[in-house]
J.: 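The structure under discussion is supplied below as structure tokens; questions concerning it will follow.
Please read all numbers here as calculations on a predicted model, not as lab measurements.
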Amino acid sequence: MREGCGEHKPLVILGTGVLSRLATSYFRSAGRVIAAYTEEASTPRPGPALGAPVVPLAGVAQTHPAQDYELFVAVGNRNLNTVRQRLVALARSLGYTLASFIHPAACVSPQAVIGGNCLVLEHCTVGPFASVGEGSLLFAGSLVNHDCSLGSCCYLSAALLGGFVHIGERSFLGINATVRDSVRIGSDCLIGAGALVLDDVPPETFIKAQASQMRPLIREKAFQFGAESSGQAQGGTR
């Protein structure tokens with residue numbers, strides 16, 4: 001089941017920042033018509049695309065009513081995804097259907113459930129019987145294996161989840177964060193890039209992977225292995 005991926009009305013995008021620019025590109029690639037942008041600010045910034053007006057959020061229900069338009073909240077991980085969650089709830093309260101985008105190069109099982117206001121981008125996999133809560137963002141290369149469950153407004157930046165993993169709402173997983181099967185991660189967690197999670201994680205936990213060492217480059221030593229393995233003298237053309 002995919003909410004907001006059926007027959008389409010014109011789209012209003014809430015937000016005019018970086019994620020709004022990306023969402024504009026992806027939705028337009030799918031043939032969606034973007035009618036307007038909206039922002040909370042009393043003096044909204046210019047929209048990321050020409051030809052679509054930017055209207056204050058306070059009046060969007062009058063200028064672009066929910067019966068005629070869908071809405072997508074294009075807000076990233078500000079305040080650990082709490083801003084997006086609040087705006088998704090506000091859009092729901094105004095009666096809007098929340099649009100989702102699933103990239104044609106993503107692999108999403110027919111038995112998976114994708115909520116409203118989700119992005120599932122290139123080369124993501126969402127396995128059978130997995131569920132992705134509304135407002136969640138799955139960036140390119142993320143793996144959500146079979147029987148996983150993501151709470152609302154999670155953010156996966158090319159993270160890898162084994163089967164039966166549960167991620168609590170608003171949690172963020174960085175690039176190449178890997179979670180073993182059947183692990184439960186609580187809400188409001190920040191799992192850093194490259195982290196390996198083998199055990200359950202309580203809510204409001206920060207996990208940081210050890211960074212690779214940084215050293216000055218000594219060219220003679222750095223290229224020695226390549227010269228030896230190729231059978232060439234050190235300083236060769238390879």
Side-chain angles (χ1 to χ4, degrees), residues 3 14-15 17-20 22-23 72-92 98 100-103 106-109 112-212:
E3 184 181 352
L14 199 173
V18 172
L19 186 60
S20 179
L22 293 175
F72 179 79
V73 178
V75 175
N77 61 340
R78 281 162 42 192
N79 293 344
L80 198 56
N81 302 306
T82 57
V83 174
R84 185 169 70 261
Q85 187 176 54
R86 175 177 61 80
L87 293 174
V88 163
L90 175 60
R92 287 280 191 206
L98 296 175
S100 288
F101 175 83
I102 299 176
H103 197 280
C107 181
V108 179
S109 169
V113 177
I114 308 294
N117 211 98
C118 287
L119 291 181
V120 182
L121 300 184
E122 302 96 324
H123 310 300
C124 287
T125 297
V126 182
F129 315 112
S131 62
V132 178
E134 74 172 6
S136 291
L137 309 177
L138 277 59
F139 279 83
S142 293
L143 169 62
V144 178
N145 230 310
H146 65 91
D147 296 283
C148 287
S149 62
L150 274 64
S152 64
C153 295
C154 292
Y155 191 121
L156 271 60
S157 182
L160 309 175
L161 311 183
F164 294 99
V165 167
H166 172 75
I167 307 294
E169 61 182 358
R170 297 179 301 276
S171 286
F172 175 95
L173 281 74
I175 293 174
N176 281 341
T178 301
V179 183
R180 193 184 70 177
D181 58 286
S182 302
V183 164
R184 298 182 64 85
I185 293 178
S187 59
D188 301 299
C189 288
L190 175 57
I191 312 299
L196 176 61
V197 182
L198 301 178
D199 298 299
D200 290 354
V201 178
E204 300 184 3
T205 298
F206 173 41
I207 297 179
K208 180 181 179 181
Q210 183 175 358
S212 299

J.: Walk me through whether Cys153 and Glu169 qualify under side-chain contact (heavy atoms from CB on, under 4.5 Å).
T.: CA-CA 6 Å; Cys153 295; Glu169 61 182 358; 6.0 Å; no
J.: Between Val113 and Phe129, does a side-chain contact (heavy atoms from CB on, under 4.5 Å) hold up when you go through it step by step?
T.: CA-CA 7 Å; Val113 177; Phe129 315 112; over 6 Å; no
J.: Going by atom type alone, with no hydrogens or angles, which donor-acceptor pairs under 3.5 Å involve a side-chain atom of residues 186-199 and a protein atom two or more places apart or on another chain?
T.:
residue: Asp188; atom: OD1; partner: Arg170; partner atom: NE; Å: 2.6
residue: Asp188; atom: OD1; partner: Arg170; partner atom: NH2; Å: 3.4
residue: Asp188; atom: OD2; partner: Arg170; partner atom: NH2; Å: 2.7

J.: Does anything in residues 176-185 pair up under side-chain hydrogen bond (donor to acceptor under 3.5 Å, both in side chains), and if so which pairs, sequence neighbours excluded?
T.: none
J.: Measuring from Leu143:CG to Cys124:SG, what's the distance to the nearest 0.5 Å?
T.: 9.0 Å
J.: For His146, give me all partners under ring pair (Phe, Tyr, Trp, His ring centres under 6.0 Å), at least two apart in sequence or on another chain.
T.: Phe164
J.: Do the non-hydrogen side-chain atoms of Leu19 and Leu137 ever get within less than 4.5 Å of each other?
T.: yes
J.: Keeping to residues at least two apart or across chains, list the ring-ring contact (aromatic ring centres under 6.0 Å, His included) pairs with something in residues 178-212.
T.: none
J.: With rounding to the nearest 0.5 Å, note down the distance linking CD in Gln85 to CZ in Arg78.
T.: 14.0 Å
J.: Do Ile207 and Val201 touch side chain to side chain, with heavy atoms closer than 4.5 Å?
T.: yes
J.: Check Cys154 against Gly168 and note the closest heavy-atom contact, atom names and distance.
T.: SG-O, 3.2 Å
J.: Name the residue from Ile175, Leu22, Leu156 that meets the side chain to side chain contact (heavy atoms under 4.5 Å, CB included) definition with Phe139.
T.: Leu22
J.: Kindly give the heavy-atom pair with the smallest separation between Gly162 and Cys148, and that separation in Å.
T.: O-SG, 2.9 Å
J.: Which atom names give the shortest non-hydrogen contact between Asn81 and Gly76, and what distance separates them?
T.: OD1-O, 3.7 Å
J.: Would you mind listing every salt bridge (charged side-chain N to carboxylate O under 4.0 Å, His left out) that reaches into residues 137-148, with sequence neighbours excluded?
T.: none
J.: Please, which pairs that meet side-chain hydrogen bond (donor to acceptor under 3.5 Å, both in side chains) have at least one residue in residues 120-132, sequence neighbours excluded?
T.: Tyr26-Glu122
J.: Looking at residues at least two apart in the chain, or sitting in another chain, which of them share a ring pair (Phe, Tyr, Trp, His ring centres under 6.0 Å) with Phe172?
T.: Tyr155
J.: Would you call Leu161 and Leu150 a side-chain contact if the rule is heavy atoms closer than 4.5 Å?
T.: yes
J.: Quick one: side-chain hydrogen bond (donor to acceptor under 3.5 Å, both in side chains) pairs with a partner in residues 157-166, sequence neighbours left out?
T.: Ser149-His166
J.: Step by step, work out the side-chain contact (heavy atoms from CB on, under 4.5 Å) result for Val179 and Leu173.
T.: CA-CA 10 Å; Val179 183; Leu173 281 74; 3.8 Å; yes
J.: Identify, with sequence neighbours excluded, every residue that meets side-chain contact (heavy atoms from CB on, under 4.5 Å) alongside Leu87.
T.: Leu14, Glu40, Leu57, Val73, Val75, Val83, Leu90
J.: How about Val120 and Val132: do any of their side-chain heavy atoms sit closer than 4.5 Å?
T.: no
J.: Rounded to the nearest 0.5 Å, what's the gap from CG on Leu119 to OG on Ser142? Could you check?
T.: 11.0 Å
J.: Counting only N and O atoms by type, is there a donor-acceptor contact under 3.5 Å from the side chain of Ser20 to the main-chain atoms of Gly15?
T.: yes
J.: Would you name the heavy atoms of Ser100 and Gly115 that are closest together and state the gap between them?
T.: OG-O, 2.8 Å
J.: Looking only at heavy atoms, which two atoms of Ile185 and Ser171 are closest? And how far apart?
T.: CG2-OG, 4.4 Å
J.: Might you point out which heavy atoms bring Ser109 and Gly127 nearest each other, and give the distance in Å?
T.: CB-C, 3.6 Å
